[in-house]
Amino acid sequence: METRRFSFVARAVLAADPASQQAGRYNLDGDIELQVSVSPMSSGCISKMEIVVTNSHDDNIVLHWGGIRDGKEKWVLPSRRPEGTKVHKDRALRTPFQKSGSGSSLSIEIDDPEIHAIEFLIYNEARNIWYKNNGQNFQVRLPRKAENTQNISVPEDLVQIQAYLRWERKGKQMYTLEQEKVEYEAARAELLEEVARGASIQDIQARLKKGSNASEVKDQTPSKSESKIPDDLVQIQAYLRWEKAGKPNYSPDKQSKEFEEARKELQMELDKGASVDDIRKKIAKGEIKTKVAKQLEKKSYFSAERIQRQNRDLMQIINKYAAEPVNKVSTKVTEPKALSTVELFAEAKEAQDGSLIKKKIFQLADKQLLVLVTKLGDKTKICLATDFREPLTLHWALSSKGNEWLQPPQNALPPGSELVEKAAETQFASVTSDDPLLQRLQSLKIEIEGGDFVGMPFVLVSSGNWMKDNGSDFYIDIGVRPAQKDAGDGSGTAKSLLEKIASLESEAQKSFMHRFNIAADLLDEAMDAGELGLAGMLVWMRFMATRQLIWNKNYNVKPREISKAQDRLTDNLQNIFRSKPQYQELLRMIMSTVGRGGEGDVGQRIRDEILVIQRNNDCKGGLMEEWHQKLHNNTSPDDVVICQALIDYIKSDFDISVYWKTLNDNGITKERLLSYDRAIHSEPNFRSDQKEGLLRDLGHYMRTLKAVHSGADLEAAISNCMGYKAEGQGFMVGVNIDPVPGLPAGFPNLLQFILEHVEDKNVEPLLEGLLEARQELRPLLFKPQNRLKDLIFLDISLDSSVRTVIERGYEELNDAGPEKIMYFISMVIENLALSSDDNEDLVYCLKGWKCALDKVKSKDENWALYAKSVLDRTRLSLASKAEYYQQILQPSADYLGSLLGVDQWAVSIFTEEMIRAGSAASLSSLLNRLDPVLRKTANLGSWQIISPVEAVGYVVVVNELLSVQNKTYAQPTILIANHVKGEEEIPDGTVALLTPDMPDVLSHVSVRARNCKVCFATCFDSKILSDLQAAEGKLLRLQPTSTDVIYSEVSEGELNGASSSAASDSSLPSISLVKKKFSGKYAITSEEFTGELVGAKSRNISYLKGRVPSWVGIPTSVALPFGAFEEVLSYGPNKEVNDKLKILKKDLVDGDVEALAKIRSTVLGLVEPPQLVEELKSKMKSSGMPWPGDEGEKRWQQAWTAIKKVWASKWNERAYFSTRKVGLDHEYLCMAVLVQEIISADYAFVIHTTNPSSGDSSEIYAEVVKGLGETLVGAYPGRALSFISKKSDLNSPKVLGYPSKPIGLFINQSIIFRSDSNGEDLEGYAGAGLYDSVPMDEEEKVVLDYSVDKLINDSNFRQSVLSGIAKTGSAIEELYGSPQDIEGVVKDGKIYVVQTRPQM
C-alpha cells in the first residue's frame, strides 16, 4: 500500500469561515488538487460540504469518511449519505466521486447537530493509494449556530481568566508575543464553543471565578521591565527569526519591522522575569554569533547568500550516447539439460495435482529436495520429494504471517506424524511407482484445509543431524497470490536474465548480503544483454527498494557482511559506469536503489555503536533493546528511518505521534516493525534528562547508518567525498575517510554552502548552488578515478536534492511572474540534462529558455510567442523521454513482476513512478504553470483553428487517430484524439477532429480536413479538453471562430440538416481515373511532359520554368512516365514477381489488407530492363543532371531501389483506403516518377496563397522548417515557424508561431525520386501526400539548435527570407490565376520552388 504526502495551503484542521466557504486547498500529487468548502445551514440540513479533486483522470477514487462528535474519537456514520455510499466494515463510509470535466466531486449534507466535524481520507482503489494530510486524517469542522451568529461576544475579563488557566495547565511556559496572541485567541474560541453548546455568559462567569483566583491572574500579568535590551541581542534574535522563516530576501522596510519584532520578543521575555544574562546565555551561542557577524560583514543582512555561477558553454555538457536498439539483444541458445529424477517426479505430480501455486527445488549438497504446492478446491496440497537416500524426518510447522512457527492442526497431519512443541514431525517414505528411477526417491504429502496459513517453515533431520537451507530454516509460500496480469512471453526484455533472477529470488530473500552478492554475480550476464539487461537489473533492485520483495527471511547476518556485499556490487556498477558511458543513466538509477556500502569497520560500526548509545544514555531496555537485536540480526535501510523517527520524537519533547508520523511517512507501519525477524514491539519511552545525550548520539549514529545504507543521502555523500575522521565519543572511532583527490578548487566551499542552505525557504540560491556543484563535478565522472562511486553517489544526491528543493519552492512561485518561472524551468532542464545519456535535445531546450529569458529582459515584443515554442519543444522532449522509459523498463517490470508475484498495482505504475522520482515530473508541473501565462501574453487563446467548419455530432474519444483512420462511423462524429501525427486519414463519418496535439496547419491531415469540410482544431487548454472528453456520447454543436471553438449540447432534432461531411454520400466528390498506357519511352525530359505521360506535379514544374521571376529557381527534372512500371513488370526476368503480385492483388480484393505490405515488398524484387537504364541515363545527362551510375554500380542500385519504392507506394495503406473511400478504381491508378536533383536546403517551406484557417484570400499563409521539407509534410513532431503576409504588403510578414520541431533533415548532393500519380490533385480530391517521394541517399537527422539560427535571432534576415517566400507565392498565384499550394526550399538566401498544385 502506498501513502502520498502533499503540499498544502490551509490549516491542519480545516475550520469553515462563515465569510468564505473555502475551507482548504491541497496539492495531492503532481497537479492533482483537493478543494474543500463548507456552507452553513441550508433548508433542512445543518451543513453542506463540497469536495472537489481537480486534474485527476482516475475514475477509481472514493471518500473514506465519518463524523466526529464532541469528545469522541470513534467515527459516527451519519444516516444522511450521498448516493452510492457504502458502509465499510461498520467503521466508515465510502462514497465514490463523480467525474466532472477534468476532475471529480461530491457533496455531503449533515443534519445531525451532534456532529461537529467530518474526518476523511481520499482512497484510489485501483492503485491502492491513500492520500492523507501529512500522515493524518483530514478534518473539516462544521459551522455551529453560534459560529454563524455575528453578534455573540465574550467579556475580555473572562477571556483573560481562560487564557491564564490554559497557561497554568501547560506548566506556565515562557511565551513569545506571537504565542501569547495565539493562546489568547484560543481561550476566546473555547469560550465561544461553550456558548455554542448552550451555556450562558453567566454560567461561564460562575465556573471561571469559582475555579480560579482573579486577583492571581492580575498578579501574574507581566509588568513592563525598564531594562534596556542590547542591540547585539536584538540582531541575534532577528537573525533567528529570519533563519526560521527560511532566509527570505527582505526589503529595507521589512528588515526594520523584523528588528522591531525581535526587540518586542526579547522585551516579552524580560517582562516575564528573565534577565538580560539569561537571554544572552539562551540565544548568543558561538555558532549563531559567528553567523550574525558574517552577515553584518557582508552587509547582506536579511538577504540570501548566492554563489556566483560560471558562464559555461552549454555545448560541453552534450552527451550523444545512444544505447543499442532494443531488438539487438543477446540471444544465446543453450542446450536443455537432461531432467534429474526429482525434476521428472515434479513433472508427473504437476500433471496430477490441481492448480500449481509454488514449485521449488532446494539443493542438499549433491542431492535435491522438491517442494510442490498445488490447490484443489479448498485444499492446499504440499508434496515433498528427495533423492536423499538415508532415512529422513520433516520437522515442520505452519505460519500465518512472516516466518513464525505454529503447530499444525490435527487434521493436517499425515499418518504417523507426531506433534512436538510448536511443530510436527513426519517421516519420508519411499515412492511407489512403476518407473524404477522414481522408486529411488522418498516423499511425503501434507493436505491443509482452508486458507488460514501462508507458509510452511521446516528443517530436515537425518541420523540426529539437522539439515538447513544454507544456515537458515527452509520456507515455502503456500498462500494463493492475487491473480497477475498476463505479462506475455517476455518480448522486449532480457528474458533469460529475468528468469534467472526469479529462480534466485528465494535465495536473495535471505538477507541483503545474499541479494547484493547475487546482483553482483549477475552483472556480467546483464551486460551481455546490453541496455535491456541493465533495465532488468534496475527493475529487480527497484522492486527491492520499494519493499515489494522480502528483505530478510530468518537469516542472521552481520552488518559488516551486508556492507561488504554492497561494496562489491557498487564497485562493479562503478566499473561499468566508467567503461560503458552509454548506460550511465540506467546505472545511476540502479545505484540510487543501493546503499554505498563499505569494506570492514564502516558496516561493523552499526553493530557496535548501538551499544555505545545504550551505555551512554542508560537506555538498555524496551524499544532500544529490540532495535539493538534487529540491528545485530539484519540491518536495513529501515534503520535510517527508525533513527530519524527517534530524533524527531525527542526533538518534539517526546510526542509519540511525531515518532509514528515519521515512520508512516516513510512507509514503515506497526505491522512492518512486527514483521522483522527480531520484531520491534515497543514504543520509545525516554526521560527528559536523556534528551541532550540521545540527540547527540543518535545524530552521530545516523551518519554511520547513512554511510552504509544511504549512498544518495546528500549529507552522507558530501561526507564521503570531503572525508571525515573519528569524532570520539564512541562513534566512527578509527574510521578515517580521506577526501576524494582531484576535486576542483573551491568545491568544498560550494558543498558547504549547500549544506548551510539546504533548509532555506528561498530556494533559488540553493538551486543555483546544487547545479553549480553538479557542473563542477561532471568532468570528474568521465575521468579515471579510484573513488568514482563516491562521486557518482554525490551527483545522484545533488540531482535528487534539486527535485525536492523545486517541489519545496512551488509556493515561492505562486505569485511569481513568468520570468522567474522560466528561470526555474531552465534550472530543472539543466538538472535533467546532467542526468541523461542522450541529452542533446534537452540542452538545446535549455539554450532556448536562456534565449527566451534574454528576450524578456530586452523587452522583445515577441518574447512570449518565442517562449511558447520552447515550452512546446520541452514538452515533446519530456514525452520522448517518457516513451523511452516505457519502452525500456515497463516490459521488464511486467515480466519480472509476474515471475516474482509482485503486486499488480506496483507493476502497472512502475514506469510512471520512475519518471516521478526524477526531475521530469517537476519540469512538467512548471511547464503547466507557465503555459496559460504565455498563451495569454501572446494572445494565442485556447485554440488553433486549422479547418473552421461548423459541425454537429456525437463525441467519441480515442487515444490515437491512427488507430481509427480506417473506421467508418455510422453517425456524425466529433472525434477527440489525444495523438495526431499529421499523416493519418480522417475516418468516414467524422465531422470534427479535436486534439491537444500540434500537427502543422499544412500537414496532410490538415489539408484533408479542409478538403472534406471537417472541423479541425488544436486545443491548448487541458480543462476545456477534459470538459469535451467528459461529454463522450453526447451530441454537441461546434462553432469555430478565428481563435476559439464555441461548443454546446444540442438535441437530436438539431442534427437534421446540420452541415456534416457524413450527412450523405452526395458529399463525396464525383471523380474517376483514366488508365494510362506505356508510351514506349522509359524516360522523358521536362520538355516532353504532357498529361498523357506524367502527373500534375511534373507538368506544373515544367510550366513554371521560364515563367516565374528570375530570382526564383526551378530544379531541373526528368521523369519515368506512366506505364513504365507496368512495362518493367512484363519484362521476362520479372515473371515470378508479376505472378506473385497477381495472387496478392486478388487477396487484397478479397479483403486481406495484410497483402498491402506483401505487395510493397514484392515490388522491391523487380530487376531493371537494360533499356530503362540507358534511356534514363541519356535523359538525365542531356538535362545536365548527374548520373548515379557514374559513381559505380552500387550507386545505381541505390537509385533503382528508390524508384521501386515510389512505385510500391501505390499500395500504401493510407493511399489504398483513401482511393477506395472515394470510389476510385485502384487498378487504374498509374505512377510516374519525377526525378530531380536535391537542393541541399537551409530551409524548406510550404505556402498556401489563401489563408487556410480563415479562408482570407487577401493574405498568404506559410510554414517554414529548417532543413528538408519532409519534417513539414511528414509525421514529424513539433510545429514549424508560421507566418502570414498581406498581399498588399508583402514586405511585412507577421510571425504567428516560432518552431518547436526538434529534428531537421539534411542531405548532401543527391537525387530525389518523387511520386507523380494520376490520382493526385484531382478536382475535389486531395490525393497529394498519399504516395512516397524517396531520396537516393538517406537523410541525416540533426537535433536542431534554434538559439543559433539566424531565422530566429536575426530580425532582418527573417524579414528578408519570409517576405521572399511570400512574394514567391504571390507571383505563382498570379501566374495560375487561382490559389496555390506551393513547396520550396531556401539555399544561401535563394528561393527554389520544387512543386505547386491548386490549393485544396
Side-chain angles (χ1 to χ4, degrees), residues 31 812-829 844-878 923-946 996-998 1000-1001 1017-1025 1041-1045 1253 1261-1266 1278-1285 1292-1302 1344-1359 1362:
D31 57 354
E812 189 177 326
L813 296 177
N814 284 341
D815 301 315
E819 185 176 354
K820 183 157 188 170
I821 301 174
M822 287 161 66
Y823 183 49
F824 271 56
I825 287 171
S826 72
M827 288 193 283
V828 181
I829 292 180
Y844 293 150
C845 287
L846 174 56
K847 293 181 74 176
W849 284 110
K850 290 188 178 296
C851 284
L853 283 163
D854 289 341
K855 289 179 184 292
V856 173
K857 290 167 185 171
S858 64
K859 295 185 169 45
D860 186 312
E861 63 178 6
N862 281 332
W863 73 264
L865 201 60
Y866 176 78
K868 180 67 169 75
S869 72
V870 183
L871 184 146
D872 291 341
R873 177 175 181 172
T874 306
R875 276 188 170 149
L876 288 172
S877 190
L878 284 179
L923 179 56
S924 179
S925 178
L926 290 172
L927 295 175
N928 290 340
R929 281 175 180 253
L930 184 62
D931 194 357
V933 177
L934 295 181
R935 283 193 280 109
K936 183 177 180 180
T937 306
N939 298 312
L940 291 175
S942 299
W943 294 88
Q944 178 170 23
I945 312 303
I946 298 171
D997 225 334
M998 299 180 290
D1000 292 305
V1001 173
T1018 291
C1019 180
F1020 298 115
D1021 190 316
S1022 60
K1023 292 181 179 177
I1024 293 176
L1025 190 72
T1041 67
S1042 59
T1043 58
D1044 197 7
V1045 174
S1253 296
Y1261 176 88
E1263 294 183 342
V1264 186
V1265 294
K1266 197 164 177 61
R1279 284 276 177 85
L1281 182 147
S1282 59
F1283 73 94
I1284 55 171
S1285 182
S1292 303
K1294 179 185 176 184
V1295 174
L1296 300 179
Y1298 285 93
S1300 61
K1301 287 185 181 290
L1344 298 174
D1345 180 4
Y1346 292 114
S1347 70
V1348 294
D1349 187 351
K1350 285 178 67 178
L1351 192 66
I1352 308 302
N1353 297 322
D1354 185 334
S1355 58
N1356 292 330
F1357 177 77
R1358 181 168 62 246
Q1359 191 274 337
L1362 300 190

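Heavy-atom basis, side chains included; hydrogens, waters and symmetry copies ignored.
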Student: Side chains of Q944 and R1279, heavy atoms from C-beta outward: is any pair under 4.5 Å?
Tutor: yes
Student: May I ask you to test the V1001-Y1261 pair for a side-chain heavy-atom distance under 4.5 Å?
Tutor: yes
Student: Can you check side chain to side chain contact (heavy atoms under 4.5 Å, CB included) on N814 and R929, steps first, answer last?
Tutor: CA-CA 9 Å; N814 284 341; R929 281 175 180 253; 3.4 Å; yes
Student: Could you tell me the separation between the CG atom of L934 and the CH2 atom of W863, rounded to the nearest 0.5 Å?
Tutor: 5.5 Å
Student: Does a side-chain heavy-atom distance below 4.5 Å link Y844 with L1344?
Tutor: no
Student: Check whether any side-chain heavy atom of L865 sits under 4.5 Å from a side-chain heavy atom of L940, and report yes or no.
Tutor: yes
Student: How far does CG of L923 sit from CG of L878, to the nearest 0.5 angstrom?
Tutor: 4.5 Å
Student: Using 4.0 Å as the upper bound for N to carboxylate O, is an ion pair formed by D872 and K868?
Tutor: yes
Student: Do Y1346 and V870 have side chains that approach each other closer than 4.5 Å (heavy atoms only, starting at C-beta)?
Tutor: no
Student: Please list, chain by chain and in numerical order, all residues satisfying side-chain contact (heavy atoms from CB on, under 4.5 Å) with A1280, sequence neighbours excluded.
Tutor: D1000, E1263, V1265, L1272, K1301
Student: Under the side chain to side chain contact (heavy atoms under 4.5 Å, CB included) rule, what do L1281 and L1362 come out as? Steps first, then yes or no, please.
Tutor: CA-CA 10 Å; L1281 182 147; L1362 300 190; 4.1 Å; yes
Student: Ignoring hydrogens, what is the shortest heavy-atom contact between S877 and C845? Give both atom names and the distance.
Tutor: CB-SG, 4.3 Å
Student: Using 0.5 Å steps for rounding, measure from the CZ atom of R935 to the CG atom of D1021.
Tutor: 5.0 Å
Student: Could you walk me through whether V1045 and I1024 satisfy the side chain to side chain contact (heavy atoms under 4.5 Å, CB included) test, starting with their C-alpha distance in whole Å, then the side-chain angles of each, then the deciding distance to 0.1 Å, before giving a yes or no?
Tutor: CA-CA 10 Å; V1045 174; I1024 293 176; over 6 Å; no
Student: Backbone N or O of L1351 within a donor-acceptor pair of the R1358 side chain at under 3.5 Å?
Tutor: yes
Student: Hey, is NZ on K820 packed in by over 12 heavy atoms from elsewhere, all under 6.0 Å?
Tutor: yes
Student: With rounding to the nearest 0.5 Å, note down the distance linking CG in L1296 to CD1 in I1284.
Tutor: 5.0 Å
Student: By the definition side-chain contact (heavy atoms from CB on, under 4.5 Å), identify the one residue from S826, S1347, C851 that meets it with L846.
Tutor: S826
Student: Go through the steps to decide whether N862 and K855 satisfy the test side chain to side chain contact (heavy atoms under 4.5 Å, CB included), and finish with yes or no.
Tutor: CA-CA 8 Å; N862 281 332; K855 289 179 184 292; over 6 Å; no
Student: If you measure from CD1 on I821 to CG on D931, what distance do you get to the nearest 0.5 Å?
Tutor: 11.0 Å
Student: Nearest heavy-atom pair of W943 and C1019: which atoms, and what distance?
Tutor: CZ3-CB, 3.6 Å
Student: Atom OG1 of T1018 and atom CD1 of I946: how far apart are they, to the nearest 0.5 Å?
Tutor: 4.0 Å
Student: Going by heavy atoms in the side chains, are W849 and I829 under 4.5 Å from each other?
Tutor: yes
Student: I need the minimum non-hydrogen distance between V1348 and N1353, along with the two atoms involved.
Tutor: N-ND2, 3.8 Å
